[in-house]
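To find a chain, count down the sequence lines: A is the first, B the second, and so on, and within it residues start at 1.
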Amino acid sequence: MLKIANTMSGKKEPFHPARNRNVGMYVCGVTVYDRCHLGHARSAIVFDLIRRYLKYKKYQVRYVKNFTDVDDKIIQRANREGKPWTEIVERYIAAYAEDMKRLGVESADREPRATQYIPDMIRLIKKLIKEGFAYSVNGDVYYQVEKFKGYGKLSKRKSDQSLAGARVEPDERKKNPLDFALWKAAKPGEPSWESPWGPGRPGWHIECSAMSMKLLGKSFDIHGGGMDLIFPHHENEIAQSEGATGEKFARYWVHNGFVNVNQEKMSKSLGNFFTIQEIFEKYKEIGYSQTVTAEILRYFLLSTHYRSPIDFSDQSLDQAKLALNKFYIMFQKLGEKGVKGSADAGLSRSLKTFKTGFTKAMDDDFNTAEAIAELQKLRNEVNNNITLGISKKIATNVERTFLSYGKILGLFQIPLKIWQFEVPVKATAKSLYEALASVTAGTKTPYESRLSEDFEKEINQLVAAREEARKKKNWAEADRIRGELARKGVILEDRPDGTTRVRR
RNA sequence: GGCGGCGUACCCAAGUGGCUAAGGGAGCAGUCUGCAAAACUGCGAUUCGGCGGUUCAAUCCCGCCCGCCGCCUCCA
C-alpha cells in the first residue's frame, strides 16, 4: 500500500487515485530566464522518481510539467541583452531540455508553456470575476483573497494574521495587500495579449490553474513542486481553481526539500549555486562521462529523503561515487564465469527479501534512502555468496534484479566499461569537489581516450608484462607496473587462481 | 512578529511507543594475499540537542528551553 505525505493534511496518507489506476500529476517546472541549478535538478529528479515508481506500481501516469515563459525576469533579461523575449525563452527551454537529458530525467507527457494557454487563462479569469472572486482595476485583474474561505489551508496561514507582520508591499490598486494579480495591464514594450480588460499578460499563478485543469481535469491526483512554492504559488492556485470550479483541485500535494550549501539554501541571491551545466562540464574535465556524472548526482540526491534538506558538499559527492563503485565492482564479479551453484538457494531467498524490502521502503512515501539501504544489503548477500560459489543462472537473475529495481531510482544503468571505477583524479585533488573547484586543463585524462583501442592495448600489454614478472617472482617489477597502471586509473586485483581482474 | 521543519555515532543517513536504534563511508582488528586491491568477519551510539510531563514503558506523543534552517517578496 503506497503512502504519500500530503502537505495539505501534513500527514502520510494512503494513495488512492480518483480514477482507478489512472494518475494525473502536475508539477511546477521552471521559469525560463536562466540556466537551472542543482536545486532544480533535485525537483526534477524527485518527480521523475515518483513517476517511475507509480509506473512500477502499475499506475497509468499522465505527467504534466509546465514552463513559465512569460514573466518579469524574462522581460528583464531580454531588455538587458537587447534581445526579443522569445529568444530568451527558446534559449532556456532548450537549455532545460539539455540538462534533463543529461540527468536522465524523462520528459513529461505534456510540457505546456504558459503562453500557449492564454485563452484558457482569460476564460478562467472571466469566470472568477463572474463568481465574485476577482475584480478589475484599470486593466489589471486581481483575485480578492478574502472571498475564498479556504485561503491559507495549504500553507496553514490565516490571511488576517499574515498581514500583521507582513512584508507585502502595499499597492493602491488592490483592495487588500494580499490580493494577487491574475492579469497585468501591458506596459510599453512588454509582451501582451488582447483581453476583455485590454492588452496585458497573465499573472504567474493563473497559468498553472489553467493548464493543469485543461490537461488533467478540474480535479487531479498529485500536484508537486519545491517547498518554496507552497506559499503563495500553490495557495493561489487553489484559490483560483477551486474558486472557479467549486471542486477540489489537487488531491495530494507533494513538495520536495531544498539543496543546501553549507546549511544554507542554494539560491541565486546567495550566489552559492552550481548550475547543472557547470557540474557536468567540470566533471567531464576530470574524466567522468555524462552518464557517470548523472548517476553520481542521482545517487547523491536520492540518498536523502525527498522532503528533507540535503547538503551539497565534497564529501557527499565522493561518497556517492564510492558507494556506486561497490555496486559496479559486484556487477563485474557477477559477469565472470559461474561456478557450481552451492549458494544459489540462499541467494534466491535474499532476492525475495530484497524485493519486499525495497517495495516496502518505496511505498512509505518514496523512502529512497531506505530503498538504497536494501540494495546495499542485497549487495552484501551477493558478495557473500559469490565467494561460496553461485551458478551463472542465478548470477544473471541477480544482475537483472539490480538493473530493474535500480532503474526505478535511475541507477546501475551504465555499462561497466563506461563506468570507470577509478579515474586518475586522486593525484590532483583530494576529492571530486576539490577537483570541481579547481580544474587544471591538461592534467586529466579525458574519458574518451580511456575507451580507445590504443588505451586498451596498452593496458593489456602492461598486464601481460606484469604476469610475466609475477611468474618469475620479480615482485619489484610487478609492483612497478601496477603502480604505473594505477596512475592511468587502472586498478588490478589478483585473484586466488592466479588470474588478474582489471578495473579501469 | 506569524507559520512550518530540523537536531540520531567521526561523517552521511533511515527508523520505531516495548524485541539487537537500519544502511553506507571513515577508523581499528582479523581472514585471504608475495605485497596490494576487492570481498568477507568482528569492534564501534547503555543512547537518539537539553529539561520536564503523559505512559507499565518514549529517541519516537505533549510542553518548555537551546541551536540551526526554510516560507511569509521572485524562487525547485
Relative to the 5' end of RNA chain B, which residue comes earlier, Gly225(A) or Gln263(A), by the nucleotide with the nearest heavy atom?
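Closer to the 5' end of RNA chain B: Gln263(A).
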Whole angstrom is fine here: how far is it from [atom1] in [X] over to [atom2] in [N]?
| X | N | atom1 | atom2 | result |
| --- | --- | --- | --- | --- |
| Arg501(A) | rA38(B) | CZ | P | 11 Å |
| Met227(A) | rC6(B) | CE | C1' | 11 Å |
| Lys265(A) | rC72(B) | NZ | P | 7 Å |
| Tyr92(A) | rA76(B) | OH | P | 15 Å |
| Leu154(A) | rC3(B) | CG | C1' | 12 Å |
| Phe331(A) | rA39(B) | CZ | C1' | 16 Å |
| Phe327(A) | rA38(B) | CZ | P | 16 Å |
| Asn383(A) | rA38(B) | CG | C1' | 9 Å |

Nearest-neighbour nucleotide for the Ser308(A) side chain, rA14(B), rC72(B), rA76(B) considered:
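Out of rA14(B), rC72(B), rA76(B), the nucleotide with an atom closest to Ser308(A)'s side chain is rA14(B).
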Looking at the side chain of Ile329(A), which of rA76(B), rA38(B), rA14(B) is the nearest nucleotide?
rA38(B)
Please say which of Ile238(A), Thr7(A), Ile230(A) ends up in a side-chain contact (heavy atoms from CB on, under 4.5 Å) with Ser155(A).
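One option only clears the test, and that one is Ile230(A).
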Taking only residues two or more places apart in sequence, or in another chain, which ones meet [X] in a side chain to side chain contact (heavy atoms under 4.5 Å, CB included)?
| X | answer |
| --- | --- |
| Thr304(A) | Arg42(A), Ser308(A), Ile310(A) |
| Ser9(A) | Asn6(A), Lys11(A), Glu13(A) |
| Glu264(A) | Leu270(A), Asn272(A) |
| Thr500(A) | Arg466(A), Glu467(A), Arg470(A), Leu492(A), Asp494(A) |

NA contact type, [X], heavy-atom cut-off 4.0 Å: base, sugar-phosphate, or nothing?
| X | answer |
| --- | --- |
| Lys473(A) | nothing |
| Asn256(A) | base |
| Gly10(A) | nothing |
| Met330(A) | nothing |
| Asp72(A) | nothing |
| Ser316(A) | nothing |
| Ser155(A) | sugar-phosphate |
| Thr304(A) | sugar-phosphate |
| His37(A) | base |

Taking atom types as modelled, is there a side-chain donor on Asp363(A) or Tyr53(A) under 3.5 Å from an acceptor on the other?
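Yes - a donor-acceptor pair under 3.5 Å links their side chains.
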With rounding to whole Å, what would you report as the distance between [N] and [M] at their [atom1] atoms?
| N | M | atom1 | answer |
| --- | --- | --- | --- |
| rU59(B) | rG7(B) | C1' | 12 Å |
| rC51(B) | rC66(B) | P | 15 Å |
| rU47(B) | rU8(B) | P | 16 Å |
| rG52(B) | rA57(B) | P | 16 Å |
| rA76(B) | rC61(B) | C1' | 33 Å |
| rA45(B) | rU20(B) | P | 15 Å |
| rU41(B) | rA14(B) | P | 25 Å |
| rC10(B) | rU73(B) | P | 41 Å |

5' to 3', nucleotides 17-34 of chain B under a 4.0 Å protein heavy-atom cut-off (B base, S sugar-phosphate only, - none) gives -----BSBS--------B
Set of salt bridge (Lys or Arg N to Asp or Glu O under 4.0 Å) partners for [X], sequence neighbours left out:
| X | result |
| --- | --- |
| Asp344(A) | none |
| Lys184(A) | Asp72(A) |
| Lys268(A) | Asp34(A) |
| Glu190(A) | Arg201(A) |

Centres of the Phe47(A) and Tyr63(A) rings: under 6.0 Å?
no
Indicate the ring-plane relationship of Tyr328(A) and Phe331(A), choosing parallel, tilted or perpendicular according to the 30° and 60° boundaries.
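It falls in the perpendicular class, over 60°.
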Parallel, tilted or perpendicular: rings of His233(A) and His205(A) (30°, 60°)
tilted
Are OP1 or OP2 of rA39(B) and a side-chain N or O of Asn385(A) less than 4.0 angstrom apart?
no
Does Asn367(A) make a side-chain N or O approach to OP1 or OP2 of rG15(B) shorter than 4.0 Å?
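For rG15(B), OP1/OP2 do have a side-chain N/O of Asn367(A) under 4.0 Å.
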By a strict heavy-atom criterion of less than 4.0 Å, which residues belonging to residues 44-54 of chain A are in contact with RNA chain B?
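Within residues 44-54 of chain A, no residue comes under 4.0 Å of RNA chain B.
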Show me the pairs that pass side-chain hydrogen bond (donor to acceptor under 3.5 Å, both in side chains) and involve residues 378-390 of chain A, at least two apart or across chains.
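Only Ser350(A)-Glu381(A) qualify under side-chain hydrogen bond (donor to acceptor under 3.5 Å, both in side chains).
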Pairing string of RNA chain B (Watson-Crick or G-U wobble, both atom distances under 3.5 Å; | = paired to other strand) is (((((((..(((.....[....))).(((((.......))))).....(((((..]....))))))))))))....
